Amino acid sequence: MRALRPDWLTDPKVWRTEVLAGLVVALALIPEAISFSVIAGVEPAIGLFASFTMAVTISVVGGRRAMISAATGAVALVIGPLNREHGLGYLVAAVILAGVFQIVLGALGVAKLMRFVPRSVMVGFVNALAVLIFVAQVPEMHDVPWAVYPLIAAGLALMVFFPKVTRVVPAPLVSIVILTVITVAAGIAVPTVGDKGALPSSLPVPGLPDVPFTVDTLTTVAPYALAMALVGLMESLMTAQLVDDITDTRSSKTRESIGQGVANIVTGLFGGMGGCAMIGQTMINVKVSGARTRLSTFLAGTFLMVLCIVFGPVVSDIPMAALVAVMVMVSFATFDWHSVAPKTLRRMPAGEIAVMAITVVVVVATSNLAIGVVVGSLTAMVVFARRVAHLADVTAVTGPDGTSVVYSVTGELFFASSNDLIGRFRYASDPDKVVIDLSAAHIWDASSVAVLDAIETKYAQRGKTVEITGLNQPSAALHGKLTGELTSH
């Protein structure tokens, strides 16, 4: 039975790492949750409650250990208009319905779509995220007292050099504590967490949303709920894949999809604004603090409420400069600098670089990671199709007696490559017997069968016969099923 216990129960070092990581993430979540509440047009407590319930719930039901889920900007952008037009009750109803949609999508296997996200899109996603994290800190460095800048510099210096002394305590936590003590003791007037909004003084109470349970309500919230479900799943699955790569471990994407739905339902029932995986806080937890278990995720949510309710006045005094320094460090640690190194760019195919760049540009332009991933993946598919299309080739060999000709077709035949195939045959000058050898080719779709039918028709109009040979079993099955059925006669 001892072998079944989690690491943090048997290893004090792991326990310490997880606890301190959870505390650092909780501190970083407070201003983020408040900011996202403003975007959604709700009270700060709504975003903080959502971060608490999302983190605690997903720590139990999620499929990716150590990943942080909480209130996010992407979700706030999607459901913000619903709140402004119809009120908080409709927003909460949309969160609950989005959770239902995510459970259904998870059960249907939407997580399997992750296999179609190319590496170049993943790199673009990571780099765009790093840019967004940094850009999000710029307002905190604009039109502020001059003391903010040396505080940020001191925070960055602490996080760079403190790990060289010891890694027992996470450097971000040390930086936050030291900068808070300095600003309070010296009476330095700089923006603080308390300036972002009032912190909650009690735990959330569960209940149903205050909306009429009618078809009209359902039709009003359903589009927003579906959009939230899709955006939330996209960001959560991409973040889970990134954590898989960082930790060299695998996670259950189906369980994560369903878990996100359960967490959003719980969050909605507690009056929260919903959320999904937070890649910035996840990077603090996994990459900066070294957390690897569910305990850090659970404690991040628990500490968040404890800090707000019990230590609210103390937390309110934390200078925003300390948290800005943490997030700037996270952005630099998240960015894949190897991907933009001159040596790498010289070796990478132009198409791969274009896909990565397009993903970054779209994400940064829209501030929506999901849109960037979709556009990047579609671009990658177009690049791949163009590349594979050029691999199809045709060579002709006329028989010794001049009464027949053999066309050898090589490569992958699909809509992009087969459309050029029809122009590679000499219909007028070829002898009466034509053999098309497909032993080095593969037929993938109906477009290729239709092109082969068109080639046969062109020869038949000239009184010539065509024999197709060398089809492998899948190609023969597809050709036999569709030939003669794709054009009207």
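Positions are given from 1 along the sequence. Just so you know, these numbers come straight off a predicted model, no measurement behind them.
Using a 4.5 Å heavy-atom cutoff, the side chains of Y149 and V144 are in contact. Between S69 and M278 the shortest side-chain heavy-atom distance does not fall below 4.5 Å.
Closest approach of L48 and A33 over heavy atoms only: CD2-CB, 3.8 Å.
Classified by interplanar angle (parallel below 30°, tilted 30° to 60°, perpendicular above 60°), the ring pair F332/F134 is perpendicular.
Sorted by first and then second residue, the ring pair (Phe, Tyr, Trp, His ring centres under 6.0 Å) pairs with a member in residues 65-106 read H86-Y90; sequence neighbours excluded.
If you check the side chains of T217 and T214, you find a donor sitting under 3.5 Å from an acceptor. A donor-acceptor pair shorter than 3.5 Å cannot be found between the side chains of T254 and S252.
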Notebook entry, point to check: M273 and L91: side-chain contact (heavy atoms from CB on, under 4.5 Å), yes or no, with the steps?
Noted result: CA-CA 7 Å; M273 58 179 277; L91 180 149; 4.1 Å; yes

Notebook entry, point to check: Would S257 and V110 satisfy side-chain contact (heavy atoms from CB on, under 4.5 Å), going step by step from the backbone distance to the final call?
Noted result: CA-CA 8 Å; S257 301; V110 69; 4.2 Å; yes

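Counting only distance, with no hydrogens or angles, the side chain of N83 and the backbone of L88 share a donor-acceptor pair below 3.5 Å. In this structure a side-chain-to-backbone donor-acceptor pair under 3.5 Å is present from T183 to L179.
A salt bridge links D244 with K253; the closest basic N to acidic carboxylate O contact falls under 4.0 Å. With respect to the salt-bridge test (charged N to carboxylate O, under 4.0 angstrom), the residues E18 and K13 do not qualify.
Remark: F414 engages no residue in a ring pair (Phe, Tyr, Trp, His ring centres under 6.0 Å) (not counting sequence neighbours).
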